[in-house]
Amino acid sequence: MGVQGLNHFMENCCPDTCKKVDLRKMAVDHMTAHPGSTPTLVVDGMACVRQWYSCQAWVHGGQWKEYMHILNEFVSAFSAAGIKLVFYFDGVVEERKRAEWVRRRLRSNKDIAKIFHLIKRDGQQPGRDMFSLPSGLATFSRFALKSLGQETRCSTREGDYEIASYANSHNYMGILGQDSDFVIYDTVPYLSASKLCLQSMTTVLFSRERLCHALGLEKTDLPLIACLLGNDVVPETCMRHVRDRAINEYRNRHGRHQGEKVFAVADFISSCHPLRDGSGGIASLSLSVADTQLLENGMHSYVLPGQRFPWTNQELCDTGSVCAMERFVDAAILKAAKEKHTRAECFMIYNILYDGVVECSNTLEDEENTELPSQASVFQPVREHIHEVQFDNRRFSPFISCKVTHPVPLTYHAVPIPAVKEWFVFPGNKLEEPKMVSPKQSSDSDIRPDLKDLWFRKHTEVRHLQLSTFLALLELKEYAEVLDTLEVPLVVVVCLVTYIVLQVTHLSLEDVDAYLSQAVCVRFKTYTDLCHTKVPCVDPRAVQLGSLFVRGLTYLVAANSACGSPFSMEDLMPWRMFDGLLFHQKYLLAHSGRPCEELLEGNSSWIPQFYSLRELVLNTCRRRGRTIQSAPRRTQQEPGTSLNQEACYWGDSTPRRCESSLHSNRPCGRGPGAHMQGTAENSRGSQSSARRPNRRRYHLAPRWPQHNPRPSYP
């Protein structure tokens, strides 16, 4: 979030520090000043995703094809202007910023609770002022930009620091972001992402030189003013007594006026600037030892390689990535993991291998829905298996062969496999400490692969080992036989839906049908088709199920990364298999009792494929002792009532259960006329149907304005 109040100060109290710039002209000027170079901007991806996701529908899980179109337009606009882009994403959360990360996540949980309250009250998506990023947006944005041919990188330390350092070392044209920290770093010009207009290729430049002139400071003073005002390293409350003293002294001389806090702190810094005789400086601030150390750490976080810092005598040192797990992992694996991570070619693996720490931000989850567990709980088993496969057990247990016929203990030569610290956000988790998740071997697998084999060997047998390991991480080794019969995105959907249904006991046949039907249909729809998808209302349970699916895709990306990428990452991306609005439509149709043929839009080529996927999922679940029941739920909001997630369309007070059909020539096992086992059950179904002659059906009319298929930037 940068420096407390600095953006506001520059825009409102010192507007001369902000100037509108033409990016095309900047590019020409840059080439003139640096002959032979290509004008290049480093883009802070984390700061831009909120601007990039301008799709009107956001609560359903993401409109991914439309999002890809927006990203393509963004990239194309800069390409047409002759400007190269390098995208940077945060790859880690540094422990010194953990407290701030936790504070923001808990605040977002409260906002998400309000979102679900409004959905239940109104049956509609809340306004843009309540906007929450779709699950996995930052993660998938990395792969999306790479698929568009863009250079994309992930940080191995604080993201802002790496961006500022990388841009400075390459003498690039500027940084496009939305963080006032970029004013503090002595680096290339900082350009506003939120003020960007693609049509005119203009934005606002926040000038650190003009800021220094207005405040009477040197560039080397900016890190101190940032820390005294408050930033992610030094909380605002820690230096309040220093600011209060500075403000009182300033008011005595100048009186009260707008922006006095920043001006007062700047005057205070000037009065205690280090002198040649060694007097003044930090020592003159009369801080406690702990506050002095915190302040020095905060200031040094802004000092880039090769730069000097006059405020303290503390020697600068490289605080880059230090591997805490190296005694558990082979050096070649660590090197490869860091390279893959830096090039944004994997997900979660570097964090496990280097720090033994992973985190997951907020997901749209309804804290009042006790039937649906949190995504952190649902996907913990696959994470346990991913953690386990990452640690090279052969390094510590050479006596273990690649194939074993009995369980292998998870300790090797008295060196236990370490538990991974997981900071996962979900309702009810106060994030006071991480959850320690121990690696766990898959019960499906009789193979203990060497990570070097999975990552480095290239022959055809390794491909089979990679695929087998991937399925073992999901406990779905029986799907090996369908790998060659289905397109990879459909394999991914079948694996993920099966996994979710096996983990979440309250999912019904209608939920499975919604997941699978949208996956079959979405592959043949353009982004403009999907933009015009209509739903009559927003159902909170469908919102959570949509987010659950997309979050699950991130773990499949992690599993693919751990196994040496047997699948192309492109085939695991949501725009190949999911659209939130389309899923919501299918969910409402399925739970209103519509036949599967209607879910497949009457398309004769889609229907048999749907039934084939459905049979795979249901058969696998049945073999695991999990019978998928039909349990339609009332999703239409009745006038004067709230949405009732426990009610369904049957006339009696409890949902009617029925065995699902596994044959494509039978109707879906739900709603009136559904295939039931036994004439008595058929009779009861008919009686139930007779008691509800006026059941309402959905009319798929829009509840919000029609999408603009070509969103623009302000």
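Residue numbers run from 1 in the order of the sequence given.
Of the charged side-chain nitrogens involved, none lies within less than 4.0 Å of a carboxylate oxygen, so that Glu94 and Lys97 do not count as a salt-bridged pair. Note on Arg157 versus Glu162: no salt bridge recorded, every NZ/NE/NH1/NH2 to OD/OE distance being 4.0 Å or above. Checked for salt-bridge contact, Arg210 and Asp16 miss the test: no charged N lies under 4.0 Å from a carboxylate O. Salt bridge annotation for Lys261-Glu236: present, with a cationic side-chain nitrogen under 4.0 angstrom from a carboxylate oxygen. Between Lys25 and Asp29 there is a salt bridge, since at least one side-chain N of the basic residue sits less than 4.0 Å from a carboxylate O of the acidic one.
Judged as a ring pair (Phe, Tyr, Trp, His ring centres under 6.0 Å), the pairs with a partner in residues 190-241 (not counting sequence neighbours) are, in order, Phe182-Tyr190, Tyr190-Phe206. Screening residues 134-164 for ring pair (Phe, Tyr, Trp, His ring centres under 6.0 Å) gives Trp64-Phe140 as the qualifying pairs, with residues at least two apart or on separate chains. Sorted by first then second residue, the salt bridge (Lys or Arg N to Asp or Glu O under 4.0 Å) pairs that include residues 286-295, not counting sequence neighbours, number zero.
Checked against side-chain hydrogen bond (donor to acceptor under 3.5 Å, both in side chains), Asp221 has the following partners two or more places apart in sequence or in another chain: His273, Trp311. Looking at residues two or more places apart in sequence or on another chain, you find a side-chain contact (heavy atoms from CB on, under 4.5 Å) between Arg98 and Val93, Glu95, Trp101, Val102, Val357, Glu359, Trp423. With sequence neighbours excluded, no residue forms a side-chain hydrogen bond (donor to acceptor under 3.5 Å, both in side chains) with Tyr172. In this view, Lys110 satisfies the salt bridge (Lys or Arg N to Asp or Glu O under 4.0 Å) rule with no residue, not counting sequence neighbours. The side-chain hydrogen bond (donor to acceptor under 3.5 Å, both in side chains) test applied to Lys335 returns Glu339, not counting sequence neighbours. Applying the salt bridge (Lys or Arg N to Asp or Glu O under 4.0 Å) rule to Lys146 yields no partners; only residues at least two apart in sequence or on another chain are considered. Legend: residues meeting salt bridge (Lys or Arg N to Asp or Glu O under 4.0 Å) with Asp186, ordered by chain and number and at least two apart, are Lys219. Listed by chain and number, the residues in a side-chain hydrogen bond (donor to acceptor under 3.5 Å, both in side chains) with Glu422 are Arg383, His387 (sequence neighbours excluded).
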| task | Could you walk me through whether Arg105 and Asn362 pass side chain to side chain donor-acceptor pair (under 3.5 Å), step by step? | result | CA-CA 7 Å; Arg105 303 291 83 74; Asn362 305 80; 3.3 Å; yes
| request: Any chance you could lay out the salt bridge (Lys or Arg N to Asp or Glu O under 4.0 Å) test for Asp232 and Arg104, step after step, and finish with the verdict? | output: CA-CA 11 Å; Asp232 290 352; Arg104 294 175 188 170; 2.6 Å; yes
| said: Apply side chain to side chain donor-acceptor pair (under 3.5 Å) to residues Tyr354 and Glu326 and explain how you reach the verdict. | reply: CA-CA 7 Å; Tyr354 262 78; Glu326 59 185 349; over 6 Å; no
| field | CA sep, side-chain torsions, deciding dist, call: Ser194, Ser192, side chain to side chain donor-acceptor pair (under 3.5 Å) | value | CA-CA 6 Å; Ser194 67; Ser192 172; 3.2 Å; yes
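Within a 6.0 Å radius of NZ in Lys421, other residues, nucleotides and ligands contribute 12 heavy atoms or fewer. Counting non-hydrogen atoms of neighbouring residues, nucleotides and ligands closer than 6.0 angstrom, the CD atom of Glu249 exceeds 12 such neighbours. Environment of CD in Glu209: crowded, with over 12 heavy atoms of neighbouring residues, nucleotides or ligands closer than 6.0 Å.
No side-chain donor-acceptor contact under 3.5 Å links Gln63 and Tyr527.
One finds the CG atom of Asp160 at 10.5 Å from the CG atom of Asn231 (value rounded to the nearest 0.5 Å).
In this structure, Trp58 has its ring center no closer than 6.0 Å to that of Tyr53.
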Quick one: side chains of residues 263-271, donor-acceptor pairs under 3.5 Å with protein atoms, not counting sequence neighbours, listed by atom name and distance.
| unit_1 | atom_1 | unit_2 | atom_2 | d |
| --- | --- | --- | --- | --- |
| Asp267 | OD2 | Arg253 | NH2 | 3.4 |
| Ser270 | OG | Ala266 | O | 3.2 |
| Ser271 | OG | Phe268 | O | 2.6 |

